[in-house]
Amino acid sequence: MRQYCRIFLQIAGCAVFGSWSASAQPVPAQRPPEVHTRLTADTVLIGDQFFLEVDIDKDVAQEIQLPQFEQNRLTQQIELLGIEGVDTLGREGRRVKMRITYRLTSFDEGRHALGGFPIVWSASAGDAQAGRGDTVVAPELLQLAVGTFEIDTLKQQIFDIKRPINTPLIFDEIKAYVYWGAAAAAVLAALIYLLLRYWHRRSGHGGQAKQVPPHVAAIRALERLHSRKLWQNGKHKEYYSQLADIVRVYIDGRYGIGAMEMTSDQILEAMHGVNDDRLCGKLRELFSLADLVKFAKLAPAPEDNEQAYFDAYFYIEETKEIPEPGQEPLAPGATATGTGSMPADELTGRDGAENEQGEDSES
């Protein structure tokens with residue numbers, strides 16, 4: 001409020017005395033401003049609003065800073081509601097007369113004294129910015145009488161608070177809650193159903209379905225990949241990403257090696273103690289070509305694409321687990337539709353979306 005009032009006073013002074021030139025002669029010795037105060041009403045009812053007028057007679061070059069009041073109170077009983085206006089009353093030589101009007105109120109009954117209204121002034125704008133100033137106080141001692149209403153407790157009867165009116169509950173008042181509750185219940189039921197179904201499949205409670213061997217799941221995935229004709233449609237990256245993942249999943253299921261979390265070099269190093277040099281060479285050619293396609297954006301020839309498919313098929317057939325004596329051999333062709341489903345069986349059934357996203361992030 002202090003800064004606002006000072007700016008307001010400067011603007012008001014400029015508007016009235018715009019003809020004052022910046023090249024004027026040096027300012028002569030100044031006498032301090034004169035401050036006088038008066039109340040527009042000295043008797044009010046409790047809660048009524050009234051005004052305090054502060055008249056200031058100052059030199060044109062002097063800067064005025066209005067006081068700030070804690071918690072917007074002039075005294076403990078008188079509250080400050082705001083500044084009603086700042087007016088210029090006139091000018092006589094270098095002296096300017098101004099009036100600042102405050103809007104006040106009081107909620108305390110009785111007689112209250114108000115006096116000694118302080119004004120901080122500086123001889124020039126430079127002194128005000130440097131913090132040099134002095135204080136002048138209004139000489140008037142004002143008295144304010146605040147009255148209240150007389151209540152005759154003998155004639156005035158006091159009643160209890162009325163209870164709320166009971167109204168019937170209608171559907172329009174609760175239909176939004178009903179609709180949202182039904183929608184939330186449907187979503188919750190769907191989530192519970194999906195979670196139960198997932199748990200049922202993961203825990204192996206889905207009937208008497210047999211566990212699909214890793215090589216059977218891998219051969220199924222290779223056949224589906226081959227039938228999608230990805231590289232024939234220019235989708236080399238998706239083709240080799242899924243081809244390499246099929247072999248990784250097979251190695252994980254066949255040998256218990258976490259190939260899905262390993263790089264190509266780490267897989268080849270781990271397989272040296274498991275496969276012979278010929279099979280490791282097939283793996284190296286397959287993974288090297290897949291890495292070039294995924295990371296170097298190589299577009300292999302059609303015969304290379306087919307050869308990569310046959311290398312993967314050959315590696316799986318050569319390394320598949322042989323049934324123990326007395327067990328029926330589990331040939332890929334005989335079990336492709338009769339042994340149930342497994343997570344590995346769905347490797348290429350995701351339309352390649354997850355694999356392509358993963359490879360894009362790596363590249």
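All values below were derived from every heavy atom in this structure, side-chain atoms included, with hydrogens, water molecules and symmetry-related copies excluded.
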From CA spacing to verdict: side-chain contact (heavy atoms from CB on, under 4.5 Å), D108, V146
CA-CA 7 Å; D108 293 303; V146 180; over 6 Å; no
Could you walk me through whether V44 and L144 satisfy the side-chain contact (heavy atoms from CB on, under 4.5 Å) test, starting with their C-alpha distance in whole Å, then the side-chain angles of each, then the deciding distance to 0.1 Å, before giving a yes or no?
CA-CA 8 Å; V44 296; L144 175 68; 4.1 Å; yes
Does the salt bridge (charged side-chain N to carboxylate O under 4.0 Å, His left out) test come out yes or no for E34 and K58, once each step is laid out?
CA-CA 7 Å; E34 296 180 8; K58 72 180 188 69; over 6 Å; no
Trace of the side-chain contact (heavy atoms from CB on, under 4.5 Å) decision for D127 with E63:
CA-CA 9 Å; D127 289 345; E63 290 285 330; over 6 Å; no
Pair K235-R228, side-chain contact (heavy atoms from CB on, under 4.5 Å): steps then yes or no:
CA-CA 10 Å; K235 299 180 180 180; R228 294 180 63 195; over 6 Å; no
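Scanning all heavy atoms of the two residues, the minimum distance from A312 to L243 falls at CB-CD1, 3.9 Å. Nearest heavy-atom pair across A308 and L286 is O-CD1, 3.8 Å. Annotation for A217 and V212: closest pair N-CG1, 3.7 Å, computed over non-hydrogen atoms. Of all the heavy atoms in A218 and I246, the pair that sits closest is O-CG2, 3.7 Å. P33 and I56 get closest at one heavy-atom pair: CB-CG2, 4.3 Å. Scanning both residues, Q266 and T263, for their nearest heavy atoms gives OE1-N, 3.0 Å.
The side chain to side chain donor-acceptor pair (under 3.5 Å) test with Q307 singles out one residue from D311, N305, D304, and that residue is D311. D55 pairs in a salt bridge (charged side-chain N to carboxylate O under 4.0 Å, His left out) with only one of the listed residues (K97, R99, R38), which is R99. For the side chain to side chain contact (heavy atoms under 4.5 Å, CB included) with V54, the qualifying choice from V86, T101, T37 is T37, the only one to do so.
Note that CZ of R284 is 12.0 Å distant from CE of M271, once rounded to the nearest 0.5 Å. Here the straight-line distance linking atom CD of Q65 with atom CH2 of W121 works out to 12.0 Å at 0.5 Å rounding. A distance of 6.0 Å separates CG of L114 from CG of L39, quoted to the nearest 0.5 Å. Remark: L225 CG to E238 CD distance equals 8.5 Å, nearest 0.5 Å.
Cluster partners of L196, by chain and number: L188, I192. The rule joins Ile, Leu, Val, Met, Phe, Trp and Tyr whenever side-chain heavy atoms lie under 4.5 Å apart.
For the pair R248 and F287, the cation-pi test (distance below 6.0 Å, angle within 45°) is passed.
Within a 6.0 Å radius of CZ in R73, other residues, nucleotides and ligands contribute more than 12 heavy atoms. Atom CZ of F171 sits in a crowded spot, with more than 12 heavy atoms from other residues, nucleotides or ligands closer than 6.0 Å. The local environment of CG in D172 is crowded, with over 12 non-hydrogen atoms from other residues, nucleotides or ligands closer than 6.0 Å. When the shell of 6.0 Å around CD of Q76 is examined, it contains 12 or fewer heavy atoms from other residues, nucleotides or ligands. Atom CD of E269 has 12 or fewer neighbouring heavy atoms from other residues, nucleotides or ligands inside a 6.0 Å radius. At most 12 heavy atoms of other shown residues, nucleotides or ligands fall within 6.0 angstrom of atom CD in Q71.
Relative orientation of the F117 and F69 rings is tilted, given thresholds of 30° and 60° on the angle between their planes.
H215 has its side chain within reach of Y250: a pair of non-hydrogen atoms, C-beta onward, lies under 4.5 Å apart. The shortest distance between side-chain heavy atoms of V247 and L283 falls below 4.5 Å. Side-chain contact between Q62 and S122: absent, with no pair of heavy atoms (C-beta onward) separated by less than 4.5 Å. A heavy-atom distance below 4.5 Å is not found between the side chains of Y239 and V293. Inter-residue side-chain proximity for L104 and E79 is flagged as unmet; no heavy-atom pair is nearer than 4.5 Å. Side-chain contact between V249 and M260: present, with at least one pair of heavy atoms (C-beta onward) separated by less than 4.5 Å. Residues D134 and P32 fail the side-chain proximity criterion, which asks for heavy atoms closer than 4.5 Å. The shortest side-chain heavy-atom distance between K237 and K297 does not fall under the 4.5 Å cut-off.
Taking the six-membered ring wherever Trp is involved, the centroid distance between the rings of Y102 and F50 does not fall below 6.0 Å.
Partners of H36 according to the ring pair (Phe, Tyr, Trp, His ring centres under 6.0 Å) rule, which considers only residues two or more places apart in sequence or in another chain, do not exist here.
Side-chain contact of Y240 with D291: a donor-acceptor pair under 3.5 Å is absent, judged by distance alone.
With respect to E317 and K320, a salt bridge is recorded, a charged nitrogen being found less than 4.0 Å from a carboxylate O.
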